Amino acid sequence: MATFLFVVTAVLGIVVAVLCSAIAIFSLYIYRQHSRYGHIPGPPRWRLRIMASSSTQLGDIEERFSKCTFCLKTLKEPKALPCLHRYCRECLKRIISESRDSFNCPLCDKECDVPPEGVDGFKTDSFIKSVLEFCQLEDTYKNDNVRRCHGCKEVKNVICYCFKCRDFLCQQCYQFHLDNDMVEEHRPHLLDLQTVDVRSLTLKRLTSLIEDPRCAVLVKRPAEMCCGICGNTPICVACVFGDHKSHVAHEVRKLAKSEREKMKAMMLTLDTCKDKLYELPKRVAKVREALEENVKEQLEKARSTHKKKSERVLEKAKIEKRILGKQRDEIISRNKEGCKQIRYAMEREMRELKQKYDKILQEKEQSCGREVEQVDMQTGIVDDKSSANVEQYDRELQGYKEEVKASKVDKEVRILEVADYATHTINRYENLMATAQTVQASHDESTEAQCLPGITAAGKVLIEDARKEFSDLESLSETGVKESGMFIEQVRISGSHESVVDLEGEWNVKDITSSGDDHIIVTGSAGGGKSHITVIDREGGVVRQDHIEGVEESWSWPSRHCHSLSQHITATVCQSSQIGLCDNLNGGYVSKNIKDMDIKDIKDWPSWPACVTTDPLNNIYVGGYIGKVLVFDDQLNYLRIIKLPKSIFSTRDMAVHDNHLIVCYNNDSYAVSMQGEEAKVVYKFTKPDGGWGPHSVCTDSNQYIYMLWSGSGEFELLTQYSQDGRQLLTTRKVDKHAKYITVIGTREGDELLVATEYSRKIYTFGLLDE
């Protein structure tokens with residue numbers, strides 16, 4: 001009898017699990033409808049109801065939970081998939097009919113393999129069978145107990161349900177079960193409906209009435225063991241030494257304990273993924289919102305730029321037409337004055353000279369007509385040019401709009417894929433949690449032995465899916481469409497240098513920068529263990545020069561580099577690990593030794609800093625030969641360290657541009673991120689054809705990027721890049737000794753300075769606004 005009650009409890013525990021799974025299936029439909037329209041609901045309300053226990057009442061079971069979600073009818077021969085969703089045998093057969101090796105679950109979209117035996121290879125779900133039996137009890141209650149009696153086969157009021165007969169009994173047949181010894185074994189399985197409220201029955205009470213499970217082979221024998229080889233199939237002792245002789249037989253209690261421990265470990269692991277799993281829909285919604293905002297912002301920027309440029313072209317044309325009109329009036333005015341003088345002469349000479357001056361007057365009028373015609377022609381050319389420019393801007397704007405819209409469509413497709421993945425995975429998680437909690441609530445080892453292996457297997461697959469990273473998700477908020485030329489003012493380098501300055505002195509040039517007072521700062525080696533900081537004017541005249549002693553005597557020619565920090569202050573670094581600030585007006589100089597600072601991760605800092613640059617916040621960046629960049633404030637206080645990507649071991653020169661750090665390294669140049677300790681490559685600059693290596697870099701006020709490349713030929717190469725750094729615009733050949741470049745601002749606009757190292761020449765190139 002103890003075994004009998006034990007098995008009955010197990011079966012009822014299975015029933016509870018099925019009911020909770022049905023609740024999860026129904027709520028999944030609601031959840032999917034919400035999530036497809038951007039609404040991600042919180043934890044479902046039915047979660048409170050899936051915590052089934054032995055005290056769960058029959059009245060809490062709803063008939064719709066025993067329905068197949070494919071045909072929407074009561075389940076027949078229910079089959080369970082690895083994802084724990086269930087379908088009628090015939091429905092599942094239709095689902096897999098067009099599949100060969102695998103198919104996707106219609107509810108959660110999880111891929112499932114088709115067993116070699118086809119639909120019969122899927123495990124029959126004993127949960128649902130018990131649920132259907134319980135639903136019959138509730139139907140009987142609703143129909144006033146009028147039903148066909150199992151014993152006498154007559155339709156009358158039934159007062160009892162026999163779980164051995166699996167049917168209802170009338171008063172006479174019920175009394176027969178009580179009095180007749182032929183059906184003595186049925187008595188423990190009788191439920192008197194007159195004394196018990198069916199809807200208030202608990203699962204524990206019903207479990208005590210259900211018949212013990214039978215052996216899967218010898219169906220008349222009670223099941224006492226489980227076969228581990230056959231998926232924990234119930235078997236009797238005879239089968240242990242018969243059909244299952246070579247298999248592994250488990251005692252139910254030990255098997256249930258083992259499966260509980262496995263599932264507990266799996267649930268702990270799965271619980272660590274829960275927060276990340278519920279966070280994914282929020283990330284998707286945030287990215288979708290950011291995409292909409294960025295598209296709106298880019299299109300608004302395009303319209304604004306188009307309007308400004310069109311107005312500028314038309315205004316320029318208006319000014320030119322005004323000047324040409326003035327020239328026309330002056331020509332006509334001069335012509336009138338000439339004609340007047342001629343008439344005076346004609347009056348003085350009258351008859352003798354009349355013919356002569358008539359001819360001169362005619363020629364003068366013809367000349368005036370030709371000049372006026374030329375001015376009118378130039379006016380027409382200006383009109384045609386301005387109209388053509390506006391039409392070109394219109395075409396560029398339209399093309400840009402189409403690219404942005406097309407990119408948005410592509411991004412939304414990918415975002416929808418991630419959203420669907422999140423929805424399906426969350427649904428599988430909640431379904432698994434509901435099933436697992438219900439099976440555990442049964443406190444029945446037989447139920448756990450039968451159910452926990454499938455739950456654990458499904459959980460392991462779910463853990464892998466929940467851990468899936470979507471590293472490209474945040475990047476989907478950007479359209480990825482490059483800004484066209486309509487967003488920027490076109491600037492080109494003049495075809496040849498406009499001037500050249502020869503610097504005099506026994507010192508070399510290691511770097512060059514500009515100051516706010518139209519002066520140029522040159523730094524380098526001065527010999528004798530000294531370096532120099534020299535201020536010169538635009539003609540090459542030395543305004544002031546300061547020689548600075550090196551910290552280490554071993555450096556006879558210490559190299560010093562520089563970059564403008566503010567209008568009159570220049571930041572410098574020197575070969576002896578010295579960082580300093582120089583006042584361009586009075587020569588004041590303060591410095592610190594980098595090696596004396598308590599900075600982690602720079603024990604291998606070389607005594608040869610290679611370059612220095614600054615940002616708009618007056619932070620100072622020092623690069624060297626160890627793949628790291630040190631950051632200081634404008635008082636030379638150490639702030640932090642930036643570790644460059646492994647592909648960049650050292651820095652020849654640097655520049656700050658658009659929140660990125662441009663780094664010249666050996667044969668290539670990169671733009672890397674500046675936030676955090678670990679820099680990442682944002683993009684790589686297009687390299688000129690040939691064996692070139694970047695040596696120096698700078699930017700102008702329009703955010704164009706200029707780079708000087710060194711080679712082994714008869715010249716060096718000067719390149720200009722677009723404002724986003726991703727397009728090579730212009731190349732110019734320069735002096736083969738050129739090593740350093742900078743941009744200086746003038747009243748007429750920016751100019752590019754190119755300096756040689758030992759010949760001490762500075763070339764000036766104009767940056768022409770087109």
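Side-chain atoms are counted along with the backbone in the values below, which use heavy atoms only and exclude waters and symmetry mates. Bear in mind that the values here come from a model prediction, so they are computed numbers and not experimental data.
The aromatic rings of Trp692 and Phe715 sit tilted relative to each other, their planes meeting at an angle between 30° and 60°. Tyr421 and Phe470 have perpendicular rings, their planes meeting at more than 60° on a 0 to 90° scale where under 30° would count as parallel.
In summary, Arg312 and Glu315 do not engage in a salt bridge, as defined by a charged side-chain N under 4.0 Å from a carboxylate O. Checked for salt-bridge contact, Arg538 and Glu751 meet the test: a charged N lies under 4.0 Å from a carboxylate O. Between Lys736 and Glu714, at least one side-chain nitrogen of the basic residue sits less than 4.0 Å from a carboxylate oxygen of the acidic one, meeting the salt-bridge criterion. Taking a cutoff of 4.0 Å between a charged side-chain nitrogen and a carboxylate oxygen, Glu417 and Arg414 qualify as a salt bridge.
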Could you check Val542 against Val535 for side-chain contact (heavy atoms from CB on, under 4.5 Å), going step by step and ending with a plain yes or no? CA-CA 6 Å; Val542 175; Val535 182; over 6 Å; no

Evaluate the criterion side-chain contact (heavy atoms from CB on, under 4.5 Å) for residue pair Leu473 and Leu280; output intermediate values, then yes/no. CA-CA 10 Å; Leu473 180 58; Leu280 185 57; 4.0 Å; yes

Please report the C-alpha distance between Val629 and Leu644 in whole Å, then the side-chain angles of each, then the deciding distance to 0.1 Å, and finally whether the side-chain contact (heavy atoms from CB on, under 4.5 Å) criterion is met. CA-CA 7 Å; Val629 176; Leu644 298 176; 4.0 Å; yes

Full working for side-chain contact (heavy atoms from CB on, under 4.5 Å) between Leu661 and Val656: CA-CA 5 Å; Leu661 191 64; Val656 175; 4.0 Å; yes

Checking Gln392 against Arg395 for the side chain to side chain donor-acceptor pair (under 3.5 Å) test, could you report, in this order, the C-alpha distance in whole Å, the side-chain angles of both residues, the deciding distance, and whether it holds? CA-CA 5 Å; Gln392 176 64 25; Arg395 289 192 295 271; 2.7 Å; yes

CA sep, side-chain torsions, deciding dist, call: Gln378, Gln374, side chain to side chain donor-acceptor pair (under 3.5 Å): CA-CA 6 Å; Gln378 292 177 5; Gln374 290 178 357; 5.7 Å; no

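For Asn637, the CG atom sits in a packed shell: over 12 heavy atoms of surrounding residues, nucleotides or ligands are nearer than 6.0 Å. Crowding of Glu311 atom CD: a count of heavy atoms from other residues, nucleotides or ligands under 6.0 Å exceeding 12. Counting non-hydrogen atoms of neighbouring residues, nucleotides and ligands closer than 6.0 angstrom, the NZ atom of Lys592 exceeds 12 such neighbours. In Lys307, the NZ atom is not crowded: 12 or fewer heavy atoms of neighbouring residues, nucleotides or ligands sit closer than 6.0 Å.
The OG atom of Ser696 sits 10.5 Å away from the NE2 atom of His561 when rounded to the nearest 0.5 Å. Atoms CG and OG1, on Asn508 and Thr523 in that order, are 9.5 Å from each other to the nearest 0.5 Å. Note that the CD atom of Gln578 and the OH atom of Tyr589 stand 3.5 Å from one another [nearest 0.5 Å].
Counted by atom type alone, Thr730 and Gln720 present one or more donor-acceptor pairs between their side chains at under 3.5 Å. Residues Ser566 and Asn618 have side chains that never bring a donor and an acceptor to within less than 3.5 angstrom of each other.
Checked by atom type and distance alone, the side chain of Lys628 never pairs as donor or acceptor with a backbone atom of Ile641 at under 3.5 Å. With hydrogens and angles ignored, the 3.5 Å screen pairs a side-chain donor or acceptor of Tyr740 with a backbone N or O of Lys510.
Taking every heavy atom of both residues into account, Thr651 and Ala610 meet most closely at O-CB, 3.0 Å. Nearest heavy-atom pair, His695 versus Asp653, reported as atom, atom and distance to 0.1 Å: O-CB, 3.6 Å.
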